[in-house]
Amino acid sequence: MLRPPFLVLLGVLLLASCAMHRLKQYGRHYQAYRDFASLQLVVDRLPAGADTALVKNILGEPIDFGFDYRYLIDSTGPNGCPVGAVFHIGEQGKIDQQWLDEICE
């Protein structure tokens, strides 16, 4: 039996809303504890092409380099460099790359 299109759309919207709620929970946990695990969850689940305002809404104020946002955790990596997430801002003002690792520059 085929479902009416509005029920399918409602289901998709409900799933998206739940995913965004979880993403915000991970972001709140990162802001409270500056931990690797919750930051990794955000990096892994942030939608492709996310707006910078969404990143700030989830993770708080970044270290803003103009071309990327950085969020650090409370420890350093094996090379003695800070560990954190980097969200590169593309020409359209959207996040086009994101990763979490040791940041040695």
Side-chain angles (χ1 to χ4, degrees):
M1 176 175 169
L2 294 176
R3 291 191 163 87
F6 69 90
L7 288 180
V8 173
L9 179 60
L10 181 63
V12 169
L13 291 174
L14 184 59
L15 285 174
S17 175
C18 289
M20 187 57 62
H21 176 72
R22 293 297 303 243
L23 198 57
K24 288 182 179 184
Q25 283 181 321
Y26 302 144
R28 283 192 299 273
H29 193 274
Y30 164 76
Q31 289 182 56
Y33 299 102
R34 300 287 187 227
D35 64 306
F36 184 91
S38 59
L39 187 55
Q40 183 72 63
L41 288 167
V42 172
V43 169
D44 290 346
R45 288 168 175 77
L46 190 74
D51 188 80
T52 55
L54 178 61
V55 176
K56 286 182 178 182
N57 182 272
I58 292 169
L59 292 171
E61 284 301 313
I63 300 169
D64 185 350
F65 281 84
F67 55 88
D68 67 27
Y69 286 172
R70 297 180 185 195
Y71 294 89
L72 303 179
I73 64 169
D74 61 359
S75 59
T76 57
N79 296 313
C81 302
V83 174
V86 176
F87 296 89
H88 184 265
I89 303 168
E91 291 181 17
Q92 302 298 320
K94 306 280 184 190
I95 304 301
D96 63 2
Q97 295 177 11
Q98 60 216 37
W99 53 273
L100 176 58
D101 205 346
E102 190 172 18
I103 305 169
C104 294
E105 297 181 317

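Please read all numbers here as calculations on a predicted model, not as lab measurements. The first residue of the sequence shown is numbered 1, and numbering continues consecutively from there.
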Stacked cation flag R28 on Y26, 6.0 angstrom / 45 deg: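 The answer is no; the distance or angle limit is not met.
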Which heavy-atom pair separates [X] from [Y] by the least distance, and what is that distance?
X: L41; Y: R45; value: CD2-NH1, 2.8 Å
X: D96; Y: G90; value: OD2-CA, 3.4 Å
X: V43; Y: A85; value: CG2-CB, 3.7 Å
X: P47; Y: L23; value: CD-CD2, 4.1 Å

Could you give the distance from [atom1] ([X]) to [atom2] ([Y]), rounded to the nearest 0.5 Å?
X: K56; Y: D51; atom1: NZ; atom2: CG; result: 9.5 Å
X: D44; Y: L100; atom1: CG; atom2: CG; result: 8.0 Å
X: K24; Y: L54; atom1: NZ; atom2: CG; result: 7.5 Å
X: K94; Y: T52; atom1: NZ; atom2: OG1; result: 7.5 Å

Applying a strict under-4.5 Å side-chain criterion to I, L, V, M, F, W and Y, I'd like to know whether [X] and [Y] cluster together.
X: I63; Y: Y30; answer: no
X: F67; Y: L72; answer: yes
X: I73; Y: V86; answer: no
X: I103; Y: F36; answer: no
X: V83; Y: V55; answer: yes

Does any N or O in the side chain of Q31 come within less than 3.5 Å of the main-chain N or O of I58, such that one atom is a donor and the other an acceptor?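 Yes.
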Look at the side chain of N79 and the backbone N and O of C81, then say whether any donor-acceptor pair between them is shorter than 3.5 Å.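 Such a contact is absent between N79 side chain and C81 backbone.
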Using the rule given for side-chain contact (heavy atoms from CB on, under 4.5 Å), can you reason through Q98 versus H88, listing the C-alpha separation, both sets of side-chain angles and the distance that settles it, and then say yes or no? CA-CA 6 Å; Q98 60 216 37; H88 184 265; over 6 Å; no
Does the pair D74 and D35 meet the rule for a side-chain contact (heavy atoms from CB on, under 4.5 Å), with working shown? CA-CA 7 Å; D74 61 359; D35 64 306; 6.0 Å; no
Using the ring of each side chain (for Trp, its six-membered ring), is H29 parallel, tilted or perpendicular to Y33, with breaks at 30° and 60°?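 Taking Y33 first and then H29, their aromatic rings sit tilted (interplane angle of 30° to 60°).
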For the residue pair Y71 and F87, categorise the inter-ring angle as parallel (less than 30°), tilted (30 to 60°) or perpendicular (more than 60°).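 If you compare the ring of Y71 with that of F87, the planes turn out perpendicular.
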